[in-house]
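First the structure, in the form of C-alpha cells, and then the observations on it.
Hydrogens, waters and symmetry mates play no part in the numbers below; they use all other heavy atoms, side chains included.
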Amino acid sequence: MEEKLSEVNSMSQMNKKDVLNALERIAVYLEIKGENAFRVSAYRKAAQALERDERPLSEIEDPSKLKGIGKGTAGIINDLLEEGETSLLKELEKEIPDGLLPLLKLPGLGGKKIGKLYQQLEVTDAGTLRKACEAGQVQELDGFGKKTEQKILEALEELGKRPDRLALAQVLPAAFDLRQRLASIDEIERFELAGSFRRGRETVKDLDFIISTEDPKTVGKRLVSMDHITEIIGHGDTKVSLELQYGDIIVPVDFRMVKDESFATTLHHFTGSKDHNVLMRQLAKERDEKISEYGVEEDTGTEHHFSTEEEFFAHFGLPYIPPELREGMDELERYDEKYELIEQDDIRADLHMHTTWSDGAQSIKEMVNVCRDKGYDYMAITDHSEYLKVANGLTAERLKRQHEEIRELNESMKDFTIFTGVEMDILPDGTLDYPDEVLKEVDFVIASIHSSFQQSERKIMDRLENACRNPHVAMIAHPTGRLIGRRKGYPVDMERLLEVAKETGTILELNANPHRLDLSAEWLKKAQDKGVKLSINTDAHRFDMLDYMTLGIKTGRRGWLKQETVVNTWPADRFKKLIWKNR
DNA sequence: GCCGTTTTCGGCCCGACTGTTTTCAGTCG
C-alpha cells in the first residue's frame, strides 16, 4: 500500500532530468519515424533551453517564455509535470518498438536508415537486425549495399563490448604520448589537442588533434605508421582516423590537417562544444557572416582568417572564452575579462596527499621538494587515519611522531610552510577516527568516507554532518566517493551538504584525481553560488600524481570557480587563520 | 516545432566523408 502511494507521487513529481529525458526520447522516436529533421531538433533545443535555465522546474511558470520553447513543447512539458506523462510520447512508444532506439548508437545508422529497416524488413531490435543482415536482405534495400550490411554486422558484434566514453584517466597516456610524437614531426607547424579533452570533460569519446601543415600527405603517412595503432579507420587528405592501444584501453583518435591560416578556426570548431558552435554561428549569421572551420566569410565573399582563437573571438566583439566554459549555455553573455576564473598560476598549495607513513610511495621530504619545485608556498601532509588498516593508517601515536618530523622539517625552511594534517575516516557509525584531544593538535584535519557505501542517504548524511560540525574538521575530501565509470559513490543529499558546509565553514574538496573529479563541475557551481569554500587537491600517492592539479583546475573552470572561492589560492597566513578560527 | 527591426512563411549551423549512386542522401562531429 505504502509503495503504491509513493509510486503515484513520483509519477506526478517528475524532476528536471525526467522531463529532459522524455523530450530526448520524443526526439529519438521522431527521428526513427523519419520526421522533419527540424521538428526533431526542436525537441532537443527545448530540452537544452530547460537545462540552460538554472531554476528548478517548479519555479519556471511558463516554459514557452524561454527561447526555443513554443506553445507545442510547453504543453508537453506541462503535461509531463502535471500528469507524469504526455500523449505524444505514449503514442510514439506504442507505434515504434523501443528495441530500435539503441540501434542509433551503431556507426553509420541514423534515424532514416533505421526507419527503412523497420518499415521494409520489420527489424525491431539488434537481434532481428542481425538476422536480416545474415539473410542478405539489408543489402537489397535502396541506399544500402554490401558494405553497409557488412559494417552493420561488425558494429553489432562490437555493440556493448566497449564503453561509449572513456574516463579522462584512461586516455591520459595516449594524450601524453601522441603530443610527444606530433612534436617530433618536422612537417607539422603547430598542433593542439581539441575536443572534450580540451574542455576538461570527465569523459571523452575520442581524442581530436588539430594540425597545421603545408604537407598533409607526408604528415598523414607518418601518422598511419606510428606505434600502438590497432586499426586505421580512415585516411583522407585532411583527416586521419585511427584506433590506438595503450595497455588494455583502445583509444579512437582523429587528426585534422589544415593550412596554418585556418588553424585557429579549426581548433575552435573541433573544441566545440557543438552547442557552443551553434551559438557562435547564430551570432555570425546575425551579422551576415558565416563561420566554418576554415574561417569567417562575409556575405560579400570576403574571407577572414585568424592566427589565434583570441583574434577569432575579438572579431565578434567577444573576449577569449576559455575552452572549459564552451558548453553552449550562457558563456557568451556571462563571461568577460573581469571574471576571475581560477588559473593554474593561482594555486599556492596542495592540501591533500599521502606519504610512506601510510599508503603513499614517497617520503615527506620527497613530496615537499616536488611541491616547492611547483612554486607552491605551502602544503599539507595528510596520511590516512587508524581505521584504514589496508592503507597502513596512522595510530594517534604514529601521527604524533609524524608531526614532529614535519615540524623539524618546517624549521629548516624560511619561505615555505608544511601544515601538519591527516585524512581521517568518518566511521560507519558516524563517529570520527580520533578523539578531539588528538585532533586539536593537528593543523589541517580532512574528514572522509571510505567505508559502508551501501548505507542509506540519511545515514550517510548523518556521518557527513557530524564531521562538518566537529570544530577541528576543516575539509570534507572527495564528498561523493565516486570513481568515474566504475563506482557511483555513496548517496549524498548534496544540497543539504552544501548548506551544512556553508553554515559550519567547512571546506569541500575538488579532488583532482582523474578517476574522481569529486565534486563535479555541476556541484562546484552550486557550491560557489551558495558561498561554500572549496579547495582543489591532488590526493597524490606518488609525486607524479601531484601533476593532477591541472586536471582539477580544468574541472574547477568548468564549474566557473573564481580564484577567491578556492582557499588554496590564498596566502599561507590567510589560510592558516581560516583553519584555526573556529577552535 | 520554433522564430521574426526580412514577422504568419520559409527558413532553421556548416562541411567532410561514405557508400551509394550516376548527382546525392545520410551520417557525423
Using atom [atom1] of [X] as one end and atom [atom2] of [N] as the other, report the distance to the nearest whole Å.
X: A:L103; N: B:dG26; atom1: CG; atom2: P; answer: 18 Å
X: A:R44; N: B:dC2; atom1: CZ; atom2: P; answer: 15 Å
X: A:K274; N: B:dT27; atom1: NZ; atom2: C1'; answer: 10 Å
X: A:K71; N: B:dC3; atom1: NZ; atom2: P; answer: 13 Å
X: A:F270; N: B:dC13; atom1: CZ; atom2: P; answer: 18 Å
X: A:K105; N: B:dT27; atom1: NZ; atom2: P; answer: 17 Å
X: A:N277; N: B:dC12; atom1: CG; atom2: P; answer: 17 Å
X: A:F144; N: B:dT18; atom1: CZ; atom2: P; answer: 18 Å

[N] and [M]: how far apart are their [atom1] atoms, nearest whole angstrom?
N: B:dC13; M: B:dT27; atom1: C1'; result: 16 Å
N: B:dG15; M: B:dG10; atom1: C1'; result: 23 Å
N: B:dT6; M: B:dG11; atom1: C1'; result: 11 Å
N: B:dT23; M: B:dC28; atom1: P; result: 26 Å
N: B:dT22; M: B:dC17; atom1: P; result: 23 Å
N: B:dT20; M: B:dG26; atom1: P; result: 14 Å
N: B:dG1; M: B:dT8; atom1: C1'; result: 14 Å

> Pairs in or reaching into residues 73-110 of chain A: which pass ring pair (Phe, Tyr, Trp, His ring centres under 6.0 Å), with residues at least two apart or in two chains?
Replying inline: none

> Which pairs pass ring pair (Phe, Tyr, Trp, His ring centres under 6.0 Å) with one or both residues in residues 186-209 of chain A, sequence neighbours excluded?
Replying inline: A:F209-A:F255

For [X], salt bridge (Lys or Arg N to Asp or Glu O under 4.0 Å) partners two or more places apart:
X: A:E140; answer: none
X: A:R130; answer: A:E157
X: A:K90; answer: A:E85
X: A:R287; answer: A:E289

For a 4.5 angstrom cut-off between non-hydrogen side-chain atoms, does [X] reach [Y]?
X: A:L168; Y: A:K554; result: no
X: A:M257; Y: A:I210; result: no
X: A:E327; Y: A:R199; result: yes
X: A:H269; Y: A:N277; result: yes

> Where along residues 310-327 of chain A does a heavy atom fall under 4.0 Å from DNA chain B?
Replying inline: none

> Is there a Watson-Crick or G-U wobble partner for B:dG10 with both distances under 3.5 Å, and if so, which one is it?
Replying inline: B:dC3

> With sequence neighbours left out, which residue pairs that include part of residues 109-120 of chain A fulfil the side chain to side chain donor-acceptor pair (under 3.5 Å) condition?
Replying inline: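 Qualifying pairs, neighbours excluded: none.
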
> Under 6.0 Å between the ring centres of A:F313 and A:H268?
Replying inline: yes

Report, one pair per line, the protein and nucleotides 22-25 of chain B atoms (nitrogen or oxygen only) whose separation is under 3.5 Å.
none

Would you mind classifying the nucleic acid contact of [X] as base, sugar-phosphate or nothing, using non-hydrogen atoms under 4.0 angstrom?
X: A:L66; result: sugar-phosphate
X: A:K146; result: sugar-phosphate
X: A:L106; result: sugar-phosphate
X: A:G111; result: sugar-phosphate
X: A:E35; result: nothing

> Looking at residues at least two apart in the chain, or sitting in another chain, which of them share a ring-ring contact (aromatic ring centres under 6.0 Å, His included) with A:F38?
Replying inline: none

> Partners of A:Y335 by ring-ring contact (aromatic ring centres under 6.0 Å, His included), sequence neighbours excluded?
Replying inline: none

> Should A:T148 be listed as having a side-chain N or O under 4.0 Å from OP1 or OP2 of B:dT20?
Replying inline: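 For B:dT20, OP1 or OP2 has a side-chain N or O of A:T148 closer than 4.0 Å.
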
> Any side-chain N or O of A:K147 less than 4.0 Å from the OP1 or OP2 oxygen of B:dT18?
Replying inline: no

Distances for protein N or O near nucleotides 14-16 of chain B N or O, under 3.5 Å:
| unit_1 | atom_1 | unit_2 | atom_2 | d |
| --- | --- | --- | --- | --- |
| B:dC14 | O4' | A:R281 | NH1 | 2.5 |

So if I take every side-chain heavy atom of [X] and compare against [options], which nucleotide ends up nearest?
X: A:T73; options: B:dC2, B:dT27, B:dC13; value: B:dC2
X: A:K67; options: B:dG1, B:dG26, B:dG4; value: B:dG4
X: A:N36; options: B:dC13, B:dG1, B:dG19; value: B:dG1

> If each of A:I233 and A:D254 is mapped to the nucleotide of DNA chain B with the nearest heavy atom, which maps nearer the 5' terminus, i.e. the 5' end?
Replying inline: A:I233

>> Between A:G143 and A:G110, which residue's closest nucleotide on DNA chain B lies nearer the 5′ terminus?
In response: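 This one resolves to A:G143.
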
